[in-house]
Amino acid sequence: RRRGARRGRGRPVTVDQWSFTAPFEGIVPHLYLDTAGLPTCGVGFLVRTRAECVRLPWDSPVAAIGDWSAVRELPAGRPAAFYRSHCKARLTELAMRRVFAERVAAVRREMAGWHLSAQPEPVQVALVDMAYNLGVAGLSKFVKLHGFVMVRDYRGAAGECARKGVQVTRNDATRGLFLCGPA
């Protein structure tokens with residue numbers, strides 16, 4: 001972990017991407033259908049095709065292909081636990097952490113226009129969480145947020161980071177990360 005911004009009485013604020021994003025995305029070791037009916041697993045890993053399914057580090061890749069086909073026939077948007085009994089293949093936590101880290105690295109590369117390395121760690125985590133959830137193209141629609149981040153007005157950014165369709169607690173936690181940045 002790297003040291004983050006200071007808050008309060010000089011205590012460093014540290015946060016890592018997994019600890020922040022994974023609980024909101026969910027940590028699901030098997031396939032399920034998200035609310036849009038798309039096969040998903042892990043920490044919000046969208047699995048559009050069989051080829052994408054095979055590339056994941058399943059404990060049984062052959063079973064995962066069967067799971068992918070079976071899950072697609074089930075009703076969408078149920079709790080992830082509903083799909084568990086229809087799946088034989090599993091991802092270990094270590095495997096999920098590795099895939100998550102790869103996907104976060106790809107998101108960070110796509111975010112060049114946000115100058116992440118120049119931002120305090122909590123702000124980086126907030127921005128990457130938003131891009132991971134919305135896609136970088138979705139994050140780019142937050143024009144006012146981008147403007148505030150570029151001039152290091154993190155209080156202004158905190159007022160512009162609310163996403164539609166995510167938990168209120170996630171938006172509140174993201175806002176809190178922006179407020180950890182220097183005033």
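Each residue takes its place number in the sequence, starting with 1. Computed from a predicted structure; not experimentally measured. Basis for what follows: all heavy atoms, side chains included, without hydrogens, waters or symmetry-related copies.
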Transitively linked via ILVMFWY side-chain contacts under 4.5 Å: [X] with [Y]?
{"X": "Ile27", "Y": "Phe82", "answer": "yes"}
{"X": "Ile65", "Y": "Trp68", "answer": "no"}
{"X": "Val166", "Y": "Leu145", "answer": "no"}
{"X": "Val123", "Y": "Leu134", "answer": "yes"}
{"X": "Val128", "Y": "Met150", "answer": "yes"}

Hey, mind stepping through Leu74 and Tyr32 against side-chain contact (heavy atoms from CB on, under 4.5 Å) and telling me if it holds? CA-CA 9 Å; Leu74 297 170; Tyr32 65 95; over 6 Å; no
Identify the heavy atoms of [X] and [Y] that sit nearest to each other, and give their distance.
{"X": "Val47", "Y": "Leu56", "value": "CG2-CD1, 3.8 Å"}
{"X": "Pro57", "Y": "Arg98", "value": "CB-NH2, 4.4 Å"}
{"X": "Ala70", "Y": "His86", "value": "CB-O, 4.4 Å"}
{"X": "Pro122", "Y": "Val15", "value": "CA-CG1, 4.2 Å"}
{"X": "Ala162", "Y": "Phe142", "value": "O-CE2, 3.4 Å"}
{"X": "His30", "Y": "Cys87", "value": "CB-CB, 3.9 Å"}

Does Tyr83 reach the main-chain N or O of Arg78 with its side chain, forming a donor-acceptor pair under 3.5 Å?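 Yes, Tyr83 side chain to Arg78 backbone: donor-acceptor pair under 3.5 Å.
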Has Trp58 got a side-chain atom pairing as donor or acceptor with Cys53's backbone, closer than 3.5 angstrom?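 Answer holds: yes.
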Compare all side-chain heavy atoms of [X] with those of [Y] and state whether any distance is below 4.5 angstrom.
{"X": "Thr92", "Y": "Asp59", "value": "no"}
{"X": "Cys41", "Y": "Asp67", "value": "no"}
{"X": "Glu52", "Y": "Phe45", "value": "no"}

Do Arg97 and Glu93 meet the salt-bridge criterion of a basic N to acidic O distance under 4.0 Å?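 A salt bridge links Glu93 with Arg97.
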Could you walk me through whether Tyr154 and Leu177 pass side-chain contact (heavy atoms from CB on, under 4.5 Å), step by step? CA-CA 9 Å; Tyr154 302 120; Leu177 290 175; over 6 Å; no
Got a second to check how far Arg90's CZ is from Lys88's NZ, nearest 0.5 Å?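 The CZ atom of Arg90 sits 10.0 Å away from the NZ atom of Lys88.
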From Phe20 CZ over to Thr174 OG1, what is the distance, rounded to the nearest 0.5 angstrom?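 Separation between the atoms: 3.5 Å.
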Donor + acceptor pair across side chains of Thr21, Glu25 (<3.5 Å):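 The criterion, which ignores hydrogens and geometry beyond distance, is not satisfied for Glu25 and Thr21.
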Results of ring-ring contact (aromatic ring centres under 6.0 Å, His included) for Trp114 - residues two or more places apart only: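 For Trp114 the ring-ring contact (aromatic ring centres under 6.0 Å, His included) partners, ignoring immediate neighbours, are His146.
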Among Arg163, Gln17, Gln124, the one residue meeting side chain to side chain donor-acceptor pair (under 3.5 Å) with Asp129: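 Between Asp129 and the candidates, side chain to side chain donor-acceptor pair (under 3.5 Å) is satisfied uniquely by Arg163.
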